[in-house]
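The block underneath contains the structure these notes are about, expressed in C-alpha coordinates.
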Amino acid sequence: MQISRRHFLLLTAGLAGGCATGEDAGIPAGPRSLNVGPAGNYATDGVYQKFRDEGFFIVRQGGKLFALSAICTHRKCKLTAKLDGSFYCPCHGSTFDPAGHVTEGPAQRDLPVFEALPNEQGQIVVNIPSL
Ligand code: FES
(Lines give C-alpha, C1' and ligand atoms only; values in the text may rest on other atoms or scores of the structure.)
Protein backbone atom coordinates (compact mmCIF):
# COMPACT_ATOMS: atom_id res chain seq x y z
CA MET A 1 0.00 0.00 0.00
CA GLN A 2 1.30 3.40 -0.93
CA ILE A 3 0.48 6.54 0.98
CA SER A 4 0.77 10.05 -0.39
CA ARG A 5 3.05 12.58 1.22
CA ARG A 6 0.01 14.71 2.14
CA HIS A 7 -1.77 11.83 3.86
CA PHE A 8 1.44 10.79 5.64
CA LEU A 9 1.92 14.30 7.02
CA LEU A 10 -1.72 14.57 8.08
CA LEU A 11 -1.63 11.16 9.72
CA THR A 12 1.55 11.84 11.67
CA ALA A 13 0.31 15.31 12.67
CA GLY A 14 -2.88 13.74 13.99
CA LEU A 15 -0.94 11.13 15.96
CA ALA A 16 1.56 13.62 17.34
CA GLY A 17 -1.14 16.13 18.21
CA GLY A 18 -3.15 13.61 20.15
CA CYS A 19 -6.52 14.07 18.46
CA ALA A 20 -9.32 14.57 20.93
CA THR A 21 -12.16 12.27 20.02
CA GLY A 22 -15.74 12.93 21.03
CA GLU A 23 -15.37 10.57 23.98
CA ASP A 24 -11.94 11.87 24.99
CA ALA A 25 -13.12 15.47 24.81
CA GLY A 26 -15.81 14.90 27.42
CA ILE A 27 -18.76 15.31 25.08
CA PRO A 28 -21.73 13.40 26.49
CA ALA A 29 -22.52 10.41 24.29
CA GLY A 30 -26.20 10.01 25.13
CA PRO A 31 -29.17 11.77 23.55
CA ARG A 32 -29.97 15.20 25.00
CA SER A 33 -31.57 18.55 24.31
CA LEU A 34 -29.82 21.85 24.77
CA ASN A 35 -31.29 25.37 24.85
CA VAL A 36 -28.91 27.55 22.80
CA GLY A 37 -30.76 30.83 23.31
CA PRO A 38 -32.90 33.04 21.08
CA ALA A 39 -32.74 32.79 17.29
CA GLY A 40 -31.69 36.45 17.27
CA ASN A 41 -28.30 35.34 18.58
CA TYR A 42 -27.77 33.71 15.17
CA ALA A 43 -29.13 36.44 12.90
CA THR A 44 -26.44 36.50 10.23
CA ASP A 45 -25.24 33.74 7.95
CA GLY A 46 -22.26 31.86 9.28
CA VAL A 47 -21.00 29.18 11.63
CA TYR A 48 -21.38 29.77 15.38
CA GLN A 49 -18.80 27.82 17.37
CA LYS A 50 -19.99 28.46 20.92
CA PHE A 51 -21.26 24.88 21.30
CA ARG A 52 -18.38 23.06 19.61
CA ASP A 53 -17.38 21.54 22.95
CA GLU A 54 -20.95 20.27 23.30
CA GLY A 55 -20.48 18.45 19.99
CA PHE A 56 -22.18 20.73 17.45
CA PHE A 57 -22.03 23.99 15.52
CA ILE A 58 -24.98 26.29 14.97
CA VAL A 59 -25.16 27.22 11.30
CA ARG A 60 -27.26 29.85 9.53
CA GLN A 61 -27.35 29.58 5.76
CA GLY A 62 -29.69 31.61 3.62
CA GLY A 63 -32.27 32.12 6.36
CA LYS A 64 -32.16 28.51 7.50
CA LEU A 65 -30.90 27.72 11.01
CA PHE A 66 -29.65 24.26 11.92
CA ALA A 67 -27.14 22.44 14.08
CA LEU A 68 -24.36 20.40 12.55
CA SER A 69 -22.31 17.78 14.35
CA ALA A 70 -18.82 18.97 15.33
CA ILE A 71 -17.59 15.38 15.48
CA CYS A 72 -15.83 13.87 12.48
CA THR A 73 -17.59 10.86 10.99
CA HIS A 74 -14.28 9.07 10.44
CA ARG A 75 -13.01 8.46 13.98
CA LYS A 76 -14.85 11.03 16.08
CA CYS A 77 -12.28 13.80 16.36
CA LYS A 78 -13.52 17.29 17.07
CA LEU A 79 -13.76 19.42 13.91
CA THR A 80 -12.46 22.91 13.34
CA ALA A 81 -14.61 25.50 11.56
CA LYS A 82 -12.80 27.44 8.85
CA LEU A 83 -13.41 31.08 7.93
CA ASP A 84 -15.21 30.10 4.70
CA GLY A 85 -17.79 28.08 6.68
CA SER A 86 -16.33 24.68 5.85
CA PHE A 87 -14.95 22.22 8.40
CA TYR A 88 -11.61 20.50 8.84
CA CYS A 89 -10.62 17.48 10.89
CA PRO A 90 -7.14 17.87 12.40
CA CYS A 91 -6.73 14.12 12.97
CA HIS A 92 -6.54 12.74 9.43
CA GLY A 93 -7.46 15.69 7.23
CA SER A 94 -11.07 15.11 6.25
CA THR A 95 -12.93 18.18 5.08
CA PHE A 96 -16.63 19.01 4.91
CA ASP A 97 -18.46 21.77 3.09
CA PRO A 98 -20.65 24.30 4.96
CA ALA A 99 -23.64 21.95 4.68
CA GLY A 100 -21.64 19.09 6.24
CA HIS A 101 -21.02 17.08 3.06
CA VAL A 102 -17.68 15.28 2.82
CA THR A 103 -15.35 17.06 0.40
CA GLU A 104 -12.25 15.01 1.20
CA GLY A 105 -11.73 11.75 3.10
CA PRO A 106 -10.89 9.55 4.79
CA ALA A 107 -14.35 10.33 6.24
CA GLN A 108 -17.03 8.80 4.05
CA ARG A 109 -20.20 9.97 5.74
CA ASP A 110 -21.56 13.51 5.83
CA LEU A 111 -21.95 15.27 9.16
CA PRO A 112 -25.28 14.63 10.87
CA VAL A 113 -27.68 17.56 11.02
CA PHE A 114 -29.45 17.96 14.37
CA GLU A 115 -32.92 19.33 14.86
CA ALA A 116 -32.86 22.96 16.06
CA LEU A 117 -36.36 24.30 16.71
CA PRO A 118 -37.79 27.21 18.70
CA ASN A 119 -39.65 26.37 21.89
CA GLU A 120 -42.71 28.26 23.22
CA GLN A 121 -40.46 30.98 24.67
CA GLY A 122 -38.69 31.54 21.34
CA GLN A 123 -35.51 29.83 22.48
CA ILE A 124 -33.78 27.49 20.06
CA VAL A 125 -33.51 23.93 21.35
CA VAL A 126 -31.06 21.54 19.70
CA ASN A 127 -31.93 17.85 19.95
CA ILE A 128 -28.79 15.74 19.86
CA PRO A 129 -29.05 12.00 19.37
CA SER A 130 -26.34 9.66 20.66
CA LEU A 131 -22.97 10.66 19.22
S1 FES B 1 -11.10 11.39 12.67
FE2 FES B 1 -10.05 10.78 10.91
S3 FES B 1 -10.39 12.34 9.49
FE4 FES B 1 -11.49 12.94 11.23
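First listed ligand is number 1; within each ligand, the first listed atom is number 1. Predicted model only: the values in this text are computed from it and were never measured. Along the sequence shown, the residues carry numbers beginning at 1.
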Distance, nearest 0.5 Å, that separates CZ of Arg32 from CD of Glu54: 5.0 Å

Aromatic contact between Phe87 and Phe57, with the criterion being ring centroids under 6.0 Å apart: yes or no?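 Under 6.0 Å, so yes.
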
Regarding Ser33 and Asn127, do their side chains bring together a donor and an acceptor under 3.5 Å, going by distance alone? yes

Would you mind running through ligand 1 and noting each atom that sits below 4.0 Å from a heavy atom of Arg75? 1 (S)

Flag the pair Gln61 / Phe66 as yes when at least one side-chain heavy-atom distance between them is below 4.5 Å, and no otherwise. yes

With atom 2 (Fe) of ligand 1 as the reference point, give the N/O/S atom of His74 that is nearest. ND1

Could you identify the N, O or S atom of His92 positioned closest to atom 2 (Fe) of ligand 1?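 It is ND1, the N, O or S atom of His92 closest to atom 2 (Fe) of ligand 1.
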
Looking only at heavy atoms, is any part of Ser94 under 4.0 Å from ligand 1, and if so is it the side chain, the backbone, or both, or is it neither? both

